[in-house]
Protein chains: 2
Amino acid sequence: MTFDAIDRKLIQLLQEDSKQTNKELSNKLNLSVTAVYERIKKLENHNVINKYVALINNDKIEKSFVTFCHVKLIQHTQEYVIKFEEEVANLPEVLECYHISGDYDYLLKVIVKDMGAFREFMVNRLTKINHIGSTLSMFVINEVKHTTAISI
Amino acid sequence: MTFDAIDRKLIQLLQEDSKQTNKELSNKLNLSVTAVYERIKKLENHNVINKYVALINNDKIEKSFVTFCHVKLIQHTQEYVIKFEEEVANLPEVLECYHISGDYDYLLKVIVKDMGAFREFMVNRLTKINHIGSTLSMFVINEVKHTTAISI
DNA sequence: GGTGAAATCCTCGGGGG
DNA sequence: CCCCCGAGGATTTCACC
């Protein structure tokens, strides 16, 4: 599907705050409520909008220890790769996992309570997965910027 | 604030889908609609819930080229650090920026259309910021897992 | 934490340019 | 095709138990 200027603005607005009423959106877009409603439905049906979620403050729930973790596999047979990706997907501490270029195979974003919980995670959860060659962890000292809104 | 089992379940549900009605939530939590309403308001007022957003499909809007970019500064005077963090916060291509431990100072998540746009971003936008020593880019080959929901 | 009612909103049929 | 109006039904919100 293609987007006009109004669609782009609408996507931007919903990425910033999805709890706005269609009425509020209609004011900002100079449209009727129905027109806004139909544009949103179109974006949802075309899977441009994936889902609506609540974002929570990680330090309010004792999950303020964030780590980026590089992982290298011993071998890269399809069997090993699939197994690793499956297991990682099931670890709740891993919010994100990317197959990346460079010295390591994967980059993981891990979030836990503190250093103790991270050690526990590494020893008992992550490295329990077979075929992991080596890991390299980088601890987040400060979150400078973090948005889910992709500019369009 | 402290959470009971119902709060935790509620947070989990809202992180998965914030468009559920309070009625649907009340069924899943075995509560009345009003009780759900008040619990949500409490979470919002205590900033446990930060905001509500629409998540969009990046490849549906021509932003499928994702890169993690390490950045090292030449110096680490407060002036340089503040300047860099300000400038990065204003770059729409940069969704996330973390001050991290390790060989580099910062880790950035950058999202653009394609390799050409990335080159353009590096040459004309990122490295135009003063005091940047060196960079190292890792391209995302495949997104194995990506969630905003922190398990509680 | 629950009940009930008012205010507001979502949703969709019908019609216009 | 994209937009607007209007109305029914659902939802949010709040005073009160």
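Order of the sequence lines fixes the chain letters, A, B, ..., with proteins taken first and strands second; residue numbering starts at 1 for each chain.
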Salt bridge (charged side-chain N to carboxylate O under 4.0 Å, His left out) filter on B:Glu38, not counting sequence neighbours, yields none

Where chain B begins and ends its contact with DNA chain D, read 5' to 3' at 4.0 Å from heavy atoms | D:dT11 to D:dC14

Members sharing B:Tyr80's hydrophobic cluster, built from side-chain contacts under 4.5 Å between Ile, Leu, Val, Met, Phe, Trp and Tyr, are none

What string of B, S and - do you get for nucleotides 6-17 of chain C, 5' to 3', if B is base contact, S is sugar-phosphate-only contact and - is no contact with any protein heavy atom under 4.0 Å?
-> ---SSSB-----

Could you list the donor-acceptor pairs under 3.5 angstrom formed by side chains in residues 96-103 of chain A, with sequence neighbours left out?
unit_1	atom_1	unit_2	atom_2	d
A:Glu96	OE1	A:Tyr98	OH	2.5
A:Tyr98	OH	B:Lys109	NZ	2.9
A:Ser101	OG	B:Phe139	N	2.8

Atom pairs and distances, donor-acceptor, side-chain atoms in residues 47-55 of chain A, under 3.5 Å, two or more places apart:
unit_1	atom_1	unit_2	atom_2	d
A:Tyr52	OH	A:Glu44	OE2	2.6

In chain order, what residues pass the salt bridge (charged side-chain N to carboxylate O under 4.0 Å, His left out) check against A:Lys145, with sequence neighbours excluded?
-> none

Apply salt bridge (charged side-chain N to carboxylate O under 4.0 Å, His left out) to A:Glu62 and list each qualifying residue two or more places apart in sequence or on a separate chain.
-> A:Lys113

Measure the shortest side-chain to side-chain distance between B:Ile40 and B:Leu14 over non-hydrogen atoms and say whether it is less than 4.5 angstrom.
-> yes

CG of B:Leu10 versus C1' of C:dG1: gap in Å, rounded?
-> 15 Å

Those residues that, when tested against B:Lys23, pass salt bridge (charged side-chain N to carboxylate O under 4.0 Å, His left out) (two or more places apart) = none

Tell me, please, which residues at least two apart from A:Asp105 pass side chain to side chain contact (heavy atoms under 4.5 Å, CB included).
-> A:Lys72, A:Leu73, A:His76

What pairs meet the side chain to side chain donor-acceptor pair (under 3.5 Å) rule with one or both residues in residues 114-132 of chain A, with sequence neighbours excluded?
-> A:Glu93-A:Arg125, A:Glu120-A:Asn124

Angle, rounded to 10°, between the helical axes spanning five pairs at each terminus of the helix from C:dG1-D:dC17 to C:dG17-D:dC1?
-> 30°

